[in-house]
Novice: 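Handing you a structure now.
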Amino acid sequence: MSTDSKPAGPLGMPMKRKEDPRFLQGKGHYIDDISLPGMLYQALVRSPYPHAEIKSIDISEAMKIPGVTAVITGKDLEAAGLGWLPTFHGFDKQMVLAIGKVLFQYQEVAAVFAETREAAVDGAEAVQVDYAPLPVVADPFTAKTDKVILRPDREAKTNHIYHWEVGDRDATTRALAASPKRIKQRIWFQRCHPAPLEPCGCVAQFDAMGRLQFYVTSQAPHVYRTALTLVTGIPEDKIHVVSPDIGGGFGNKVPVYPGYVCAVVGALKLGRPVKWIETRTENLTSTGFARDYHMDVEIGASAEGRVTALQVSTAADHGAFDAAADPSKYPAGMFGVVSGSYDFAAAHAEVDAYFTNKAPGGIAYRCSFRVTEASFAIERAMDILADELSMDAVELRRKNFVKKDQFPYASRLGFTYDSGDYHKTLDTALEKIGYQTLLKEQAGKRAKGELMGIGVSTFTEVVGAGPSKHFDILGLKMFDSAEIRIHPTGSGFVRAGTKSQGQGHETTWAQIVAEELGLDPQNIMVEEGDTDTAPYGLGTYASRSTPVAGAAVAMAARRVREKAKKIAAHLLEAGEADVEWKDYKFQVKGVPAKSVTMKDVAFAAYTNMAQNEPGLEATYYYDPPNMTFPYGTYIAVVDIDRDTGEVKVRKFLAVDDCGTIINPLVVEGQIHGGLTEGFAIAFMQEIQYDTDGNNLNTNFTDYLLPTSLETPHWDTAKTTTPSPHHPIGAKGVGESPNVGSPAAFVNAVIDALSPLGIRHIDMPVTRDKVWRAIREAEARKRSS
Ligand code: CDP
């Protein structure tokens, strides 16, 4: 960690991303850039029905299409023992290709292999499937009691998947009953989709040695290798997984999808490489969606606004298979962070998950496993409580924050928050945005009947999954790793078990190594995504890279330094105990003039190492002692046109605290990107299903992405409260803006509408919904 006396070093330097020249010049190497000799293309036949029996599949017309070489169906896979694949969460399995019936619209039914992409698509269209439609379960609330059992393959003949709970239900019920003030609100975090610009895809090839070379858009390549062994029985040493450059993941590229398994089977069966690149529609309709939590939030408080109890009961729509990519002991992810930044004396949270005829998923879209849902619920509910108490929403928060001296703070819902100073971050934000001036302006506008809103979100996240005693996926503990090799002339490389999909690891991991070893970050090459070379790691998602792999990088560098110290002692002709690492050099204690640099030591490690082991390298597997808890205060200011319902975000300020910052430019980029996603979720994005289970948002004209025209200007600032247990004090940041911002936007809209008596509108807060809410409020007023 930087100290005031130390010269400015690579840590905290706003270094431009080393990967950007490659990307900006169109020289990235993505999955669809891979072309192998003799390669076939795969296209998938997908179901037009959300729930139907498959009476027959006729491939004869497809096989007549020139270039089509083979078609496989669920029955073929079942016969080969490959009919189902385990979901990452570990408690369910998913059909690779439909067997007997389909359970959601666009489910994979058959795979067609052909000489060209076009022939594969034509072949898929020519496969004749005879479906007999079945009754559809599209609503998680009716799924509870529905007579239609969607998953008779499971032992429990019910659409209820699991019940999970944390906290003290009885104490919470008693505290709520005793509270003079109470609010209760159903808050739905709508089903949305990460929609990475590059969809998912793979190329599978069995090489001359019979080894599977699997190139894939994966955020967790090592987990894929293990999962492929578990599904196919191919020994793990005969599988080489490579994730090339990835055009955005956001959690969507964590699960193993049926198309991947089909491509491997096709490559094996046909003895030729197979490429599969999904279309935008396939991505939006069949790969991991996010959220879809219906949360009943209840808060009790004293008349003065001190919160007493929190109860959250959730119905979660998981679709046709339980394919949420959560750690196995956490079926509802980190939802237990739902008490947020507030010191509740009693709290209880529970989640009941249901099968419906919708696409499977529930993945951590730029979110640490359900933290976004939790954060939205508590931040929205605190505003509703403030309204009930006729209290300023900022003052209510200030009154109930966990205080600086309470850290490490044990929440009633099972987490130990590592560090924080919520009051400081809030005050920084209020001052920077001019909160008092905004309040005065708002009062003036309200007097004129104008609708101006100020929305605040003071969220806390839990990121860095995670300590091996609690966290695993498919039994694999969620540590991460790094290997560092320093070359004789003082350059080197670091390999990590993570895989960047836009987070800039090629730059930030190099900065950590450079900081720890006193080397130039420009000469530290970072390599990720190749299971033959990188040490085993659980991958990049849920803001775990910095808390886990970033720590592994720092610890591996310290191991290199330990060894380097022995060689430095030899060079300095001093005892090892008399040598210290100071100001990026080894010095004889108390004699700063007697020093050697890491470059000097690196050269000696290969040329003049005396009795020491030659070479300069180390590997570290880091098992974090705790999660990290980044947080922030976000403030949105909106103006609403009373006649049209149009919401304009006039100002947005994000003050984040992610502990020690490795690279402020990278952090800024992460925050801008995440805020833009949060803005889209708040105002325009939803994967909707009609009551018959048809997906209504299958492309980018129905599922909207914000452009620079709609996107507001982002103002940002930072406070820095290091994590006490992380080697460099850093917490994750990539998820914070997506986690914290939706509540700030919606709170601002509802604040603007509060003079009309409007208390809540579910996201996305579209112009249409706002217009209707205003008209209804006016009608209520007229009739009262
Ligand atoms: O796991 P993921 O890479 O999505 O998220 P992260 O750990 O939040 O890191 C995102 C990027 O921000 C990485 O390049 C980090 O090194 C960088 N970062 C930083 O510079 N300082 C921090 N305190 C946290 C992240």
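In this text, all values refer to a predicted model and were calculated from it rather than measured experimentally. Just so you know, ligand 1 is whichever comes first in the structure, and atom 1 is the first atom listed for that ligand.
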Novice: Establish, for the pair Arg485 and Phe493, whether the NZ or CZ atom is under 6.0 angstrom from the six-membered ring centre and no further than 45 degrees off its axis.
Specialist: no
Novice: Do Arg544's NZ or CZ and the ring of Tyr541 fall within the cation-pi criteria of under 6.0 Å and 45°?
Specialist: yes
Novice: May I have the list of side-chain donor-acceptor pairs in residues 518-527 shorter than 3.5 Å, sequence neighbours left out?
Specialist:
unit_1, atom_1, unit_2, atom_2, d
Asp520, OD1, Gln522, N, 2.9
Glu527, OE2, Arg495, NE, 3.0
Glu527, OE2, Thr533, OG1, 2.9

Novice: Note down each nitrogen or oxygen pair, ligand 1 side and protein side, whose separation is under 3.5 Å; give only atom names and the distance to 0.1 Å.
Specialist:
unit_1, atom_1, unit_2, atom_2, d
ligand 1, 1 (O), Arg544, N, 3.3
ligand 1, 1 (O), Ser545, N, 2.9
ligand 1, 1 (O), Ser545, OG, 2.7
ligand 1, 3 (O), His505, NE2, 3.0
ligand 1, 3 (O), Ser545, OG, 3.0
ligand 1, 4 (O), Gln503, NE2, 3.2
ligand 1, 7 (O), Thr546, N, 2.8
ligand 1, 7 (O), Thr546, OG1, 2.7
ligand 1, 8 (O), Ser543, OG, 3.2
ligand 1, 8 (O), Val733, N, 2.6
ligand 1, 8 (O), Gly734, N, 2.7
ligand 1, 9 (O), Thr546, OG1, 3.3
ligand 1, 14 (O), Gln503, O, 2.6
ligand 1, 14 (O), Thr508, OG1, 2.9
ligand 1, 16 (O), Thr508, OG1, 2.9
ligand 1, 20 (O), Ile662, N, 3.4
ligand 1, 20 (O), Asn663, N, 3.0
ligand 1, 21 (N), Ile662, N, 3.1
ligand 1, 23 (N), Cys658, O, 3.2
ligand 1, 23 (N), Thr660, O, 2.7
ligand 1, 23 (N), Lys731, O, 3.2

Novice: Does the Lys NZ or Arg CZ of Arg366 fall within the cation-pi geometry relative to Phe250 - under 6.0 Å from the ring centre and within 45° of the axis?
Specialist: no
Novice: Using 30° and 60° as the class limits, which term best fits the ring planes of Trp714 and Phe652: parallel, tilted or perpendicular?
Specialist: perpendicular
Novice: Can you name the one residue among Val746, Val649, Leu704 that meets side chain to side chain contact (heavy atoms under 4.5 Å, CB included) with Phe683?
Specialist: Val649
